[in-house]
Novice: 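Next up is a structure, given as structure tokens.
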Amino acid sequence: MNFLKLIPEPLRPMYMKTRGIPFTKGYDPEFDLNYKEKSQEWKRDQAVERKTYSIESDIEMTQGLALMTKQREREIAELFEKEKYSFEEPGVLLDPYGMTPLCAYVLFYTEQKRQVRFHVKGKVPEASVTEHIKRACRWHRVPVYGLYSDMENIVSLEILDEQNKVIAEKEIRIKTEPLSQFAEDVVRVQKKTVPSSMKLILVAGKSTSYPVAFDEYGDIRYILKYRPRGYGLFELANGRFIMMERQTLIPTYLLPHSTQMYEIDYFGRVRMTYYVPSGIHHDVCEMTPGGNLLIVSNSQCGHVEDCIAEVNRHNGKIEKFLDLREVLYTAYRDRTNWIHINSLEYEPETGNVIFSARNLHSVMSINWKTNKLNWILGEKNFWQSTPWFFKVLKTPENMPWHFQQHSAKRIWENLDGDPNTKHIIMFDNHWNLRRKIPAYDNDEQSYATIYTIDEKKKTAKIEKRIGGIKSKITSNAVLKYADRRIFYMGGYLAFPEEHEGREAVICEHDYDTGEELNRYSLKYYFFRAFEMKLNVEALAEVMDFPEEPCVGWLKPFVRMPAGVKLPEKMIEEAPLACQEERVRLRIEDGNLWVKSRDHLIGQVFLIGEKECYVKDFREPKRQQDLAAEMEYYLSIPLYSVQKGTYTVAVEFKGEAYNTGKSIRIF
């Protein structure tokens, strides 16, 4: 039972004070009332009925990635039907969607339904890539991947009958272009003693501008030529992943966060665009394969990076929005980024959500239906003066602790043979900067750590702990239990100058002995790394697009009193400290995009003869200059605007300007 709820609200501040419980404003009824009011906005706004409309404008108008992919799929289908490619003379579409220069479709037709196998010859035999497309068909789109850049790749094709017997073979050559300068010297093999248990390792996020995958010899075999937000990619169960848009963001007190994300596959096919008004950051996970998505979001009510939202997979609506203040109350709510959620994991069998709270040095479990706090995995003295001390899992005496950890994920294998336990793997950065803690031991390493948890006994212990070069933020750990390997994905080295300026490291260890088997140093920081596994069966088929590929909602324009006058000053007259501060406009998928540097745009206006509208970005105000140099688009949907012609005006640096651009909605 949460006994704090039993205490009358007016008495809670005094109770918490006498208990020494950390809090920011004690129990502030006005603050909490504002939070509750604001937290319900999403329910009202997404219930507004959308109307169908068309747009004309002298502003640049573009299609988003999902609509572009849908159009490209039609073009490929028409090309296939028109050209009648045969196995003897197949068609080759290198980089079919303009995002994956080391991937290609090989197109051909067979009279009978057949299976296909392809083989990309490696520089050494162990580096070859082989895939078998088991679905028999006549029209074949063979998704070849793992090509090398700047060379003529040899690809073998095989036709198989119902008994998997090869009945025809052909060798083709696919010439690729050099990659950009970004890809030079990305990976160095520092140590290789045995074949790796990961055929391809994909790294993404942070200063790794484009997601890339490399083989165990350090050669890049995949690149996605689209730069996501710095959190990289998040795997889904169907061979797709979620990627956050880096251009359309929402201002916060600290760093801005993405307001849209894409469901995309490894060939760069974007199936859906999701809009999220309160921003997305750090992690996205599926609740069940193909089911709803859990995302990390923001309250924007005095705090950031403190909320979890459930997004409907099909229509993008927010099914639930949970602010962690509803779970932890004012415990440690003493700063804007008080909790900093950086990973999520959903357990279908229990309905629980496991999340990593970096700035509380803890991993926690809550029931997603009831919001009940199940347990806390963290240093006990840190929680001793809070109401949640009794939720801290008991651990062995003198067990080492994690500090500012990242990426706490479930291991679904049973490591100890006990049906009552579960296992969690995390990357223990072992860092003590954001919230200093007395228990910090100044250990010079970071760790890939596996915990065994018994929820009935309320206990936890370390199952495996492997140390490596200090990585102060981001990073993750991966267990390949069947191969008895554990990967230390050190994404952000604390002291790169001690490692020839290399900013990240990946180490493969023997699970049983802890011995380091292979090591790769990387040129760039990354957010996470994982094994790249393509669903070739799905890639060989036309993507199943929904009727509406752009779903969810953003906060729309609000009607103003009619008769608002246009500003006399034109935006060209605005004083600029640099070129990046200038205001730029664009319309994509029915949303008006307005670009400048962080917090320089206060309001955006649509001014017409009969109707006027405004979208206000003045709150929240920026507290730190962390994002002062960041340049991005604010995205505002136009579905709330009545038919008519409007001129776009902006409040820029506190003064109103006419952009001279107009939008006609009809």
Novice: Quick one: salt bridge (charged side-chain N to carboxylate O under 4.0 Å, His left out) partners of Lys170, sequence neighbours excluded?
Specialist: none
Novice: What do you reckon, are the aromatic ring centroids of Phe182 and Tyr210 less than 6.0 Å apart?
Specialist: yes
Novice: Honestly, is Arg141 close enough over Tyr105, meaning NZ or CZ under 6.0 Å from the six-membered ring centre and within 45° of the axis?
Specialist: yes
Novice: Would you compute the distance between atom CE of Met272 and atom OH of Tyr274 and round it to the nearest 0.5 angstrom?
Specialist: 4.0 Å
Novice: Could you check whether Lys123 makes a cation-pi contact with Tyr217, meaning its NZ or CZ is under 6.0 Å from the centre of the six-membered ring and within 45° of the ring axis?
Specialist: no
Novice: May I ask you to check whether over 12 heavy atoms, not counting those of Lys70, lie within 6.0 Å of atom NZ?
Specialist: yes
Novice: What is the minimum heavy-atom distance between Ala213 and Leu200, and which atoms define it?
Specialist: CB-CB, 4.4 Å
Novice: Under the salt bridge (charged side-chain N to carboxylate O under 4.0 Å, His left out) test, which residues partner Glu126, sequence neighbours left out?
Specialist: none
Novice: By the salt bridge (charged side-chain N to carboxylate O under 4.0 Å, His left out) test, which pairs, at least two apart or in different chains, include something from residues 195-215?
Specialist: Asp215-Arg221
Novice: By side-chain hydrogen bond (donor to acceptor under 3.5 Å, both in side chains), which residues pair with His132, not counting sequence neighbours?
Specialist: Gln115
Novice: Rounded to the nearest 0.5 Å, what separates atom CD in Gln260 from atom CD1 in Ile250?
Specialist: 12.5 Å
Novice: Using side-chain heavy atoms (C-beta onward) and a distance below 4.5 Å, is Arg502 in contact with Lys523?
Specialist: yes
Novice: Is there a side chain to side chain contact (heavy atoms under 4.5 Å, CB included) between Asp283 and Lys409? Walk through the geometry before answering.
Specialist: CA-CA 11 Å; Asp283 205 2; Lys409 296 292 181 177; 2.8 Å; yes
Novice: Could you tell me the separation between the OG atom of Ser197 and the CZ atom of Arg485, rounded to the nearest 0.5 Å?
Specialist: 5.0 Å
Novice: Closest approach of Thr69 and Gly268, non-hydrogen atoms and distance?
Specialist: OG1-O, 4.1 Å
Novice: Can you name the ring-ring contact (aromatic ring centres under 6.0 Å, His included) partners of Tyr275, sequence neighbours left out?
Specialist: none
Novice: List the residues meeting salt bridge (charged side-chain N to carboxylate O under 4.0 Å, His left out) with Glu75, not counting sequence neighbours, and say none if there are none.
Specialist: Arg72
Novice: What side-chain donor-acceptor pairs closer than 3.5 Å can you find for residues 229-238, not counting sequence neighbours?
Specialist:
| unit_1 | atom_1 | unit_2 | atom_2 | d |
| --- | --- | --- | --- | --- |
| Arg229 | NH2 | Pro256 | O | 2.6 |
| Asn238 | OD1 | Arg240 | N | 3.1 |

Novice: To the nearest 0.5 Å, what is the distance between CD on Glu508 and OH on Tyr520?
Specialist: 6.0 Å
Novice: Working to the nearest 0.5 angstrom, can you tell me the gap between Asn420 CG and Thr452 OG1?
Specialist: 12.5 Å
Novice: May I ask you to test the Asn518-Glu216 pair for a side-chain heavy-atom distance under 4.5 Å?
Specialist: no
Novice: Do the non-hydrogen side-chain atoms of Leu415 and Tyr511 ever get within less than 4.5 Å of each other?
Specialist: yes
Novice: Check whether Tyr633 forms a cation-pi arrangement with Arg586 (NZ or CZ under 6.0 Å from the six-membered ring centre, at most 45° off the ring normal).
Specialist: yes
Novice: Under the rule for ring-ring contact (aromatic ring centres under 6.0 Å, His included), what residues qualify as partners of His509, not counting sequence neighbours?
Specialist: none
Novice: Please check: side-chain N/O of Asn476 versus main-chain N/O of Ser407, any donor-acceptor pairing under 3.5 Å?
Specialist: no
Novice: Take Thr62 and Glu588 through the test side chain to side chain donor-acceptor pair (under 3.5 Å) and record every step on the way to the result.
Specialist: CA-CA 5 Å; Thr62 60; Glu588 180 171 302; 3.2 Å; yes
Novice: Could you tell me how the ring of Phe80 sits relative to the ring of Trp139: parallel (under 30°), tilted (30 to 60°) or perpendicular (over 60°)?
Specialist: perpendicular
Novice: Quick check: closest heavy atoms across Val363 and Ala408, and the distance to 0.1 Å?
Specialist: CG2-CB, 3.7 Å
Novice: Closer than 3.5 angstrom, by distance alone: can the side chain of Ser207 be matched with the main-chain N or O of Tyr524 as a donor-acceptor pair?
Specialist: no
Novice: With a 4.5 Å cut-off on side-chain heavy atoms, are Val106 and Ile172 touching?
Specialist: yes
Novice: Check whether any side-chain heavy atom of Ser278 lies under 4.5 Å from a side-chain heavy atom of Ser297, and answer yes or no.
Specialist: yes
Novice: Please list all pairs meeting side-chain hydrogen bond (donor to acceptor under 3.5 Å, both in side chains) that have one or both residues in residues 347-356, counting only residues at least two apart or in different chains.
Specialist: Asn342-Ser356, Glu347-Thr350, Glu347-Arg410, Glu347-Lys422, Glu349-Arg410, Thr350-Asn352, Asn352-Asn367, Asn352-Asn374, Ser356-Gln405
Novice: Please enumerate all residues that pass ring-ring contact (aromatic ring centres under 6.0 Å, His included) together with Phe241, with sequence neighbours excluded.
Specialist: Tyr266
Novice: Of all residues at least two apart in sequence or in a different chain, which pass the ring-ring contact (aromatic ring centres under 6.0 Å, His included) check with Tyr525?
Specialist: Tyr492
Novice: For Lys84, give me all partners under salt bridge (charged side-chain N to carboxylate O under 4.0 Å, His left out), at least two apart in sequence or on another chain.
Specialist: none
Novice: So Glu310 and Ile295, side chain to side chain contact (heavy atoms under 4.5 Å, CB included) or not? Walk me through it.
Specialist: CA-CA 7 Å; Glu310 179 182 343; Ile295 66 168; over 6 Å; no
Novice: Kindly give the heavy-atom pair with the smallest separation between Val120 and Gly146, and that separation in Å.
Specialist: CG1-O, 3.7 Å
Novice: Thr474 versus Asn429: any side-chain heavy-atom pair under 4.5 Å?
Specialist: no
Novice: If you round to the nearest 0.5 Å, how far is CD1 of Ile354 from CE of Met426?
Specialist: 10.0 Å
Novice: So does Arg114 pair up with Glu162, basic N to acidic O under 4.0 Å?
Specialist: yes
Novice: Measure from the ring center of Tyr447 to the ring center of Phe427 and say whether it is less than 6.0 Å.
Specialist: no
Novice: Could you check whether Lys320 makes a cation-pi contact with Trp368, meaning its NZ or CZ is under 6.0 Å from the centre of the six-membered ring and within 45° of the ring axis?
Specialist: yes
Novice: Does the pair Arg271/Asp544 count as a salt bridge with the N-to-O cut at 4.0 Å?
Specialist: yes
Novice: Check whether any side-chain heavy atom of Leu322 sits under 4.5 Å from a side-chain heavy atom of Ile366, and report yes or no.
Specialist: yes
Novice: Is any side-chain heavy atom of Leu160 closer than 4.5 Å to one of Lys165?
Specialist: no
Novice: Please confirm whether Tyr222 and Tyr145 have ring centers closer than 6.0 angstrom.
Specialist: no
